[in-house]
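Here's the structure, in C-alpha cells; my notes come after.
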Protein chains: 2
Amino acid sequence: MKCKYIVHNLFYEGFTMSKLSEQSDQVVNLSLDKQLCFSLYSASNAMGRAYRPLLDKLDLTYLQYIVMMVLWEHDSVSVKSLGEKVHLDSGTLTPLLKRLEAKGLVIRARSEHDERVRVISLSEQGVSLQQQAESVPQAMLCQADMPLEELQALKQGCDRLFAKLMK
Amino acid sequence: MKCKYIVHNLFYEGFTMSKLSEQSDQVVNLSLDKQLCFSLYSASNAMGRAYRPLLDKLDLTYLQYIVMMVLWEHDSVSVKSLGEKVHLDSGTLTPLLKRLEAKGLVIRARSEHDERVRVISLSEQGVSLQQQAESVPQAMLCQADMPLEELQALKQGCDRLFAKLMK
DNA sequence: AACAATTAAATAGTGCACAACTTAAATTAA
DNA sequence: TTAATTTAAGTTGTGCACTATTTAATTGTT
C-alpha cells in the first residue's frame, strides 16, 4: 500500500496505515498542518496581501500588475496569447482589461487581419508606469527575507507542480 | 549592490547590473517567467482547478473543504479560531459558513458564555461527508506525480515564506 | 457558394479574498 | 455603575477565478 503511506506522510498525520475497510474504529485525522496544498494556498494568499500596499501606490491589483508586466515585455498581445502567458482565460481577463482601459493604462483595439481578436497594447501612461513598478520586486524580496537558493528552489517546485497539474 | 543582483536573478532575467540611475538606455525586462511570486500564484490556481472535479462530487469548493477539514479535526470552533487556523477573516468566512449551513453540513450556534461568538459545529451530514472526502488527498497526490521529498520540500518552502510575509 | 465546424472574445453567475466599516456584546476604567 | 474601550462577527463593495454559455468572425468541406 505504497500510496497509502505517502498520503499518511504528506497529507494525513495520524492516519493509520490500516486498510481502508478497517476505518470504522478509527478517527481519521485530516490535519491541515500537513497538507501541501493548504501551505501553497496560504502562501499565495499571503503573497497577494504583501503585494497590496506596494501596488496600491500604482493603483494596481496583483493580477493587473502581472498583466502590465506582460505588456511591458511584449507591448502588443491578443487576449488569447495574454491568457496563455498568465495561465488565465477571457472570463478573467476581459473584465480586467476593461478596468485597465478605464484607468487609461491599455488600449483594447481590434486586429485588422482577424476581427475576432483583441489586440491589447500600452497607452503612454501604461508605458510610463513601468518606472514606478521597478522597485516592487526588490521590496517584495526584502519582505521574503530568505536565502536566494531557497527562493529559487521554491520557484522550481511551484513550476514543476504546475506542469504536473496542467497535463 | 547585493540586492540588485538578487533581483536580477530571481525576478528580472535580462535586468542589467548597472545602477538604477543608468537605466535610461536599457529596456528593463520584467520577465514573468522568472518571478517566484507568479509561479506560486499560478501553482495555487492550478491546484484549485485540480481539486475542483474531485470536490464537485462532494459539492464543496476548495475553501469549503479546508473548513470541513478543520471541523472534522476539532468539531466545535469559533469563527475567530477557525479564521486563525485557515488564515482568513470573518469577511471571507461568514458567507462561506452560511453556505455550508444552507447545505446542511454545519450548525452555526451562539456561545452561551459569550453571545458575540459563533460556535460552528458539524451536522450529522457534515460528519458523514468525511468518509467521502478520504480519497481526495490520494487522488491529488496521483495528479502531482512527484517524489515525496520534493513535495515536502515545497511545503516547507511555502510555510517558511508564509511565516516571513506574515510578520 | 453554402453550410458546418472551429476559434476568439465576451457575458452571466457563483464563490472566494480582502479592506473598510458597522453592530452588538463583553471588558475595563473612571 | 456608567462610560470608554475592546472584541467577535457580520456587512458592503471591489476584483478576481472559474464554469458554462453566447456571439460573431474565420476556416474547412463539399
Side-chain angles (χ1 to χ4, degrees), chain A residues 38 41-56 58-68 77-84 86-103 106 108-120 165-166, chain B residues 38 41-56 59-68 77-84 86-103 106 108-120 162 165-166:
Chain A
F38 178 64
Y41 166 81
S42 296
S44 178
N45 283 346
M47 182 216 74
R49 286 190 293 265
Y51 263 108
R52 194 172 292 249
L54 303 172
L55 295 181
D56 275 352
L58 313 184
D59 189 30
L60 291 177
T61 64
Y62 179 66
L63 182 56
Q64 288 168 10
Y65 169 69
I66 288 292
V67 167
M68 290 303 288
V77 281
S78 67
V79 173
K80 179 184 160 67
S81 125
L82 181 58
E84 284 163 359
V86 303
H87 315 306
L88 294 166
D89 69 0
S90 68
T92 301
L93 292 176
T94 296
L96 180 133
L97 290 168
K98 285 185 178 174
R99 282 187 287 269
L100 288 179
E101 186 183 44
K103 288 181 195 177
V106 308
R108 295 168 62 245
R110 291 276 183 197
S111 166
E112 288 177 16
H113 310 88
D114 189 336
E115 282 285 315
R116 291 171 303 177
V117 318
R118 279 272 188 200
V119 180
I120 314 299
L165 294 179
M166 275 295 108
Chain B
F38 179 65
Y41 166 82
S42 296
S44 178
N45 283 346
M47 182 215 76
R49 287 191 292 265
Y51 262 108
R52 196 173 290 249
L54 303 173
L55 295 180
D56 275 352
D59 189 30
L60 291 178
T61 65
Y62 179 67
L63 182 56
Q64 288 168 9
Y65 168 69
I66 288 293
V67 167
M68 290 304 287
V77 282
S78 67
V79 173
K80 180 184 159 66
S81 125
L82 180 58
E84 284 163 0
V86 303
H87 314 305
L88 294 167
D89 69 0
S90 68
T92 301
L93 292 176
T94 295
L96 180 134
L97 291 168
K98 284 183 178 175
R99 283 188 286 269
L100 287 179
E101 185 183 44
K103 289 181 193 176
V106 308
R108 294 167 64 242
R110 289 278 182 197
S111 165
E112 289 179 14
H113 310 87
D114 189 334
E115 283 284 313
R116 291 171 303 177
V117 319
R118 280 271 190 200
V119 180
I120 314 298
F162 176 83
L165 295 179
M166 275 294 108

### Summary
Between NE2 of B:His113 and C1' of C:dA26 the distance, given in whole Å, is 14 Å

#### Entry: Test item: B:Val67 and B:Val106 side chains (from C-beta on) under 4.5 Å apart, heavy atoms
no

### Query
Is it true that a side-chain atom of B:Arg118 and a backbone atom of B:Arg108 form a donor plus acceptor pair closer than 3.5 Å?
yes

### Task
Side chain of A:Arg52 only, please: which of D:dA17, C:dC18, C:dA25 is the nearest?
C:dC18

### Task
Nearest whole angstrom, please: distance from the P of C:dA10 to the CG of A:Asp114.
13 Å

### Summary
Comparing nearest nucleotides in DNA chain C, the 5'-proximal residue of the pair A:Val117, A:Arg49 is A:Val117

### Query
When only distance counts, do a donor and an acceptor, one from the side chain of A:Arg116 and one from the base of D:dT26, lie under 3.5 Å apart?
no

#### Entry: Distance test, side-chain N/O of A:Arg110 to OP1/OP2 of D:dA25, below 4.0 Å
no

### Task
With DNA chain C as reference, determine whether A:Ser90 or B:Glu112 sits nearer its 5' end, using the nearest nucleotide of each.
A:Ser90

### Query
In whole angstroms, how far is the C1' atom of D:dA8 from the CG atom of B:Leu82?
13 Å

### Query
What is the distance from OH of A:Tyr51 to C1' of C:dA19, rounded to the nearest Å?
20 Å

#### Entry: A:Tyr62 side chain to A:Arg49 backbone, donor-acceptor under 3.5 Å
no

### Query
Rounded to the nearest Å, what distance is computed from the CZ atom of residue A:Arg99 to the P atom of nucleotide C:dA10?
13 Å

### Query
Does the side chain of A:Arg108 get closer than 4.0 angstrom to OP1 or OP2 of C:dA10 through an N or O atom?
yes

### Query
Is B:Lys103 close to B:Gln64 at the side-chain level, that is, under 4.5 Å between some pair of heavy atoms?
yes

### Query
Less than 4.5 Å apart, any side-chain heavy atom of B:Leu63 and any of B:Leu88?
yes

### Query
Side chain of B:Ser78: nearest nucleotide among C:dA10, D:dA9, C:dG15?
D:dA9

#### Entry: Contact check, side chains of A:Lys98 and A:Thr94, non-hydrogen atoms, under 4.5 Å
yes

### Message
Counting the atoms with a prime plus P, OP1 and OP2 as sugar-phosphate, which does B:Leu96 contact under 4.0 Å by heavy atoms, base, sugar-phosphate, or nothing?
### Response
sugar-phosphate

### Query
If each of B:Pro95 and B:Asn45 is mapped to the nucleotide of DNA chain D with the nearest heavy atom, which maps nearer the 5' terminus, i.e. the 5' end?
B:Pro95

### Task
Using a cut-off of strictly less than 4.0 Å, decide whether A:Lys103 has a side-chain nitrogen or oxygen near OP1 or OP2 of D:dG15.
no

### Task
Look at the side chain of A:Thr94 against the base of C:dA9 and say whether a donor-acceptor pair falls under 3.5 Å; ignore hydrogens and angles.
no

### Task
Verify the contact: side-chain N or O of B:Lys98 to OP1 or OP2 of D:dT11, cut-off strictly under 4.0 Å; return yes or no.
yes

### Task
Please state how far atom CE in B:Met166 lies from atom P in C:dA17, giving the value in whole angstrom units.
14 Å

### Task
Could you check how far CG of B:Leu100 sits from C1' of C:dG15, rounded to whole Å?
12 Å

### Task
Confirm from the modelled atom types if A:Thr61 and D:dG15 form a donor-acceptor pair under 3.5 Å, side chain to base only.
no

### Summary
Per atom distances to the A:Leu88 side chain, the nearest of D:dG10, D:dA17, C:dA17 is D:dA17

### Message
Could you tell me how far apart A:Leu63 (CG) and D:dA17 (P) are, to the nearest whole angstrom?
### Response
5 Å

